[in-house]
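The structure appears right after this line, and notes come after that.
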Amino acid sequence: LLRDYDRREWPVSKKSLEFLVSKEYDPCVKPEPGFFDNDNLLTQIRSHRFQLKATSDFMKTCRTSLTVLKNKRYLLDEPNIFAIRDLLEPKPYHALLSDHLNQITSHITSQCETCKGKGHICMKCYQEPPIFPFQSDAVRCPGCKALYHIRCQSGDKFSCPICDLKEKKREEKSNHDDGNAVVIGQRGINKSPKSDRPD
């Protein structure tokens, strides 16, 4: 199953069967990244899992958090871990993930004022409504973690006004420090590296 995505039934020993049945619904399988290239549905499943992971910071701190996940809390914790049954029945599993994702995102973006208040405003267009890390039209700055609309990023180079401002302040501080450097020479301490006064 994990190597070739072969979901056919094969004969196994009674002991092996008992073991597989006992682990059927346990989140204990971690497929290789290339595993999801075997099927378009698997690619969508992996995308849904990462979107659910992106909602975890909201769901785990919300007092009115949904209980839809029940015994599948691992969906919020580790996007690369699956139960064997999840991979054996990808269609119902995909439908289950889609349902969970729709309910959770609806809760965060519209139903819960606490979760909604944790959204981000794009620092390029400043337009409402807030954007969230699990939305497909949002992109996160790798430096400061701020969120932006993908459409607001033009060109190949990612641009973040927050990081640009921080970098500008660092450069200004560095230039100011260089201008006030302390020079120690034979004639003592001179706070200015350059002096126009004659000896």
Side-chain angles (χ1 to χ4, degrees), residues 1-13 15-60 65-66 68-109 115 119-120 122 124 130-160 163:
L1 174 66
L2 297 179
R3 184 182 62 189
D4 302 318
Y5 195 49
D6 186 350
R7 290 182 289 153
R8 293 176 297 173
E9 293 186 358
W10 293 88
V12 295
S13 67
K15 188 173 183 180
S16 296
L17 178 61
E18 291 175 350
F19 174 78
L20 290 173
V21 170
S22 69
K23 298 293 183 181
E24 187 175 6
Y25 294 95
D26 291 348
C28 60
V29 176
K30 187 175 182 179
E32 295 294 328
F35 170 82
F36 299 94
D37 298 333
N38 288 310
D39 185 85
N40 182 54
L41 190 60
L42 291 178
T43 302
Q44 295 178 40
I45 285 174
R46 189 165 189 258
S47 175
H48 281 359
R49 287 294 302 274
F50 275 94
Q51 284 180 284
L52 283 169
K53 168 63 177 175
T55 70
S56 63
D57 289 342
F58 299 86
M59 298 302 293
K60 289 182 178 181
S65 178
L66 299 179
V68 293
L69 295 181
K70 297 180 180 179
N71 62 335
K72 289 185 176 291
R73 296 292 297 180
Y74 72 93
L75 294 178
L76 295 179
D77 297 324
E78 179 49 70
N80 295 310
I81 299 296
F82 293 80
I84 296 175
R85 178 54 56 184
D86 297 341
L87 303 178
L88 287 174
E89 298 180 349
K91 285 186 178 181
Y93 182 61
H94 177 265
L96 178 70
L97 291 179
S98 297
D99 182 57
H100 286 341
L101 191 58
N102 288 336
Q103 291 187 58
I104 291 174
T105 55
S106 178
H107 169 87
I108 294 173
T109 60
C115 290
H120 295 243
C122 176
K124 287 209 166 188
I131 51 179
F132 298 85
F134 49 81
Q135 293 175 323
S136 59
D137 62 341
V139 60
R140 187 185 290 278
C141 172
C144 67
K145 309 303 180 185
L147 288 178
Y148 296 92
H149 294 112
I150 291 179
R151 65 177 181 270
C152 293
Q153 291 292 339
S154 59
D156 298 331
K157 186 178 179 180
F158 185 89
S159 175
C160 174
C163 290

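The structure displayed is predicted, hence computed values, not measured ones.
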Criterion side chain to side chain contact (heavy atoms under 4.5 Å, CB included) against D39, the qualifying member of T43, L42, D37
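By the side chain to side chain contact (heavy atoms under 4.5 Å, CB included) criterion, D39 pairs with just one of T43, L42, D37: L42.
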Euclidean distance, [Y] [atom2] relative to [X] [atom1], rounded to 0.5 Å:
X: I131; Y: D137; atom1: CD1; atom2: CG; answer: 7.0 Å
X: H94; Y: L101; atom1: NE2; atom2: CG; answer: 9.5 Å
X: M59; Y: H100; atom1: CE; atom2: NE2; answer: 10.5 Å
X: Q51; Y: L75; atom1: CD; atom2: CG; answer: 13.0 Å
X: R46; Y: F35; atom1: CZ; atom2: CZ; answer: 11.0 Å
X: S16; Y: L20; atom1: OG; atom2: CG; answer: 6.5 Å

I81 vs C28, test: side chain to side chain contact (heavy atoms under 4.5 Å, CB included). Steps then yes/no.
CA-CA 6 Å; I81 299 296; C28 60; 5.9 Å; no
[X] versus [Y]: any side-chain heavy-atom pair under 4.5 Å?
X: P130; Y: H120; result: no
X: L96; Y: K91; result: no
X: F58; Y: P133; result: yes
X: I45; Y: P90; result: yes

If you look at every heavy atom in [X] and [Y], which pair is closest and at what distance?
X: F132; Y: A138; result: O-CB, 3.5 Å
X: C152; Y: K124; result: O-CD, 3.3 Å
X: L52; Y: L76; result: O-CD2, 3.4 Å

Pair F50 and F134, ring centroids less than 6.0 Å apart
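For F50 and F134, the ring centres are not under 6.0 Å apart.
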Would L97 and Q44 count as a side chain to side chain contact (heavy atoms under 4.5 Å, CB included) here? Give the steps.
CA-CA 10 Å; L97 291 179; Q44 295 178 40; over 6 Å; no
Keeping the roles fixed (side chain from [X], backbone from [Y]), state whether a donor-acceptor pair exists under 3.5 Å.
X: D86; Y: A83; result: yes
X: R49; Y: E78; result: yes
X: S22; Y: F19; result: yes
X: R140; Y: K145; result: yes

Worked verdict on V29 versus L87 for side chain to side chain contact (heavy atoms under 4.5 Å, CB included):
CA-CA 9 Å; V29 176; L87 303 178; 4.2 Å; yes
Report the C-alpha distance between Q135 and T109 in whole Å, list the side-chain angles of each, state the deciding distance to 0.1 Å, and finish with yes or no for side chain to side chain contact (heavy atoms under 4.5 Å, CB included).
CA-CA 10 Å; Q135 293 175 323; T109 60; 4.0 Å; yes
Once you measure the plane-to-plane angle for Y93 and F82, does it fall in the parallel (<30°), tilted (30-60°) or perpendicular (>60°) bin?
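Correct class here is perpendicular.
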Using a strict threshold of under 4.0 Å (side-chain N to carboxylate O), is an ion pair present between R85 and D26?
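Answer for the salt bridge query: no.
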